[in-house]
Amino acid sequence: MVLHFDEAKEDRTRDKMNRAMYDGLLRKISSNEFILDIGLMSDSLQELSEVSPDLQERNIDLYKVHLKVKDLKGKTCPGSEYRKSLEAAENLKFCGAVLHKKGILDDPPISPNAFYERLKNSIQKRYCNSDVEMTRCGTVLDFRTWPTGAKKIIHFAEEEICESSKSFKLNEGELIRTFREFVK
């Protein structure tokens, strides 16, 4: 793309507006900030691709969602693509293309810590609401919190399970059946 944009910005068969557009696109994709942002996005997409199919099919249990969110929360060291981008930005060269610093103070690269924190919050809001909600709903799974004889009550904790299914956007009937098997 860099070669194409570079040639197009110099192509005199194109009008001035078209050449200016290609010049702008070239400056955008050859900036350090863009390369750093692309590296960060690549790493985050890799992270999400590991859990996305399960989240979309809703066949992941709450514990695994919680662990994934916790993993994102603790993500502080950059992934392999971001590390490559950092090296490219330092050397001002990426895949043979010369990079430049934009020098615009109000358009810095995305902060990886802030990005992963927002990503974690977004997933948590959608699937977990909060750690408190996860803990509250999870107490029904702890045998130590059950009243005496709870295993003999067929509808034990169904109200809590229904609340959990709504909170976590899960299939209520399937969750109740699974819980009944768990109680046995």
Side-chain angles (χ1 to χ4, degrees), residues 1-11 14 17-138 141 164 167-170:
M1 283 180 37
V2 170
L3 290 175
H4 172 69
F5 291 166
D6 195 37
E7 288 173 7
K9 77 175 184 141
E10 301 296 332
D11 185 354
R14 298 176 189 269
M17 186 91 106
N18 206 296
R19 288 193 315 268
M21 177 191 68
Y22 281 108
D23 185 43
L25 289 170
L26 177 62
R27 278 183 303 182
K28 178 70 174 171
I29 69 169
S30 63
S31 73
N32 276 357
E33 294 81 2
F34 181 79
I35 297 300
L36 291 169
D37 290 349
I38 291 295
L40 179 61
M41 296 295 157
S42 294
D43 285 340
S44 65
L45 287 172
Q46 177 59 44
E47 295 273 337
L48 291 174
S49 73
E50 295 172 14
V51 72
S52 179
D54 291 329
L55 292 174
Q56 288 174 19
E57 293 175 23
R58 298 196 188 279
N59 66 0
I60 188 171
D61 62 48
L62 296 178
Y63 180 70
K64 288 180 183 170
V65 170
H66 183 68
L67 290 178
K68 287 292 181 183
V69 169
K70 210 170 159 186
D71 284 348
L72 285 174
K73 186 177 183 178
K75 184 112 175 114
T76 54
C77 92
S80 63
E81 295 303 315
Y82 191 72
R83 282 193 303 272
K84 288 178 194 173
S85 297
L86 282 171
E87 186 179 323
E90 195 175 297
N91 296 329
L92 293 176
K93 196 165 197 153
F94 183 73
C95 295
V98 176
L99 302 179
H100 68 277
K101 294 181 182 181
K102 278 201 249 177
I104 302 172
L105 296 177
D106 64 348
D107 191 20
I110 299 168
S111 161
N113 290 340
F115 177 80
Y116 279 111
E117 184 64 25
R118 287 212 173 156
L119 183 59
K120 177 210 55 120
N121 289 342
S122 175
I123 293 171
Q124 195 169 39
K125 184 177 178 184
R126 167 95 197 227
Y127 289 95
C128 301
N129 294 332
S130 72
D131 287 339
V132 173
E133 180 75 10
M134 175 67 83
T135 303
R136 187 185 68 73
C137 293
L141 300 176
S164 296
S167 294
F168 299 110
K169 298 171 181 68
L170 298 170

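Numbers here simply count residues along the sequence, with the first being 1.
Considering only heavy atoms from C-beta on, Y116 comes within 4.5 Å of L40 through its side chain. By the 4.5 Å heavy-atom criterion applied to side chains, L25 and M1 are not counted as neighbours. For the pair L26/V2, a side-chain contact is recorded, criterion being any heavy-atom separation below 4.5 Å from C-beta on.
If you take OH on Y82 and CZ on F115, they are separated by 11.0 Å, rounding to the nearest 0.5 Å. Distance check: L36 CG to S31 OG gives 8.5 Å after rounding to the nearest 0.5 Å. Rounding to the nearest 0.5 Å gives a distance of 8.0 Å between CE of M41 and CG of L45. Atom CG in N91 sits 11.0 Å away from atom CG in L86 (nearest 0.5 Å). Rounded to the nearest 0.5 angstrom, E33 CD and L99 CG are separated by 9.5 Å.
For the residue pair R27 and H100, the shortest heavy atom distance occurs at O-CE1, 2.9 Å. Taking all atoms of both residues into account, the shortest heavy-atom contact from G39 to S85 is CA-OG, 3.3 Å. Contact between K9 and D6 at its shortest, heavy atoms only, is CE-OD1, 3.0 Å. Contact detail for A88 and I35: the closest heavy-atom pair is CB-CG2, 4.3 Å.
Judged purely by atom type and a 3.5 angstrom limit, N32 has no side-chain atom pairing as donor or acceptor with the backbone of K101. Between the side chain of D43 and the backbone N or O of E81 there is at least one donor-acceptor pair closer than 3.5 Å.
Ring-plane geometry between Y22 and F5 is classed as tilted, the angle between the planes lying from 30 to 60 degrees on a 0 to 90 degree scale.
Within a 6.0 Å sphere centred on CZ of R118, heavy atoms belonging to other residues, nucleotides or ligands number 12 at most.
Residues E87 and K84 are not paired through a salt bridge, judged by the lack of any N-O separation under 4.0 Å between the basic side chain and the carboxylate.
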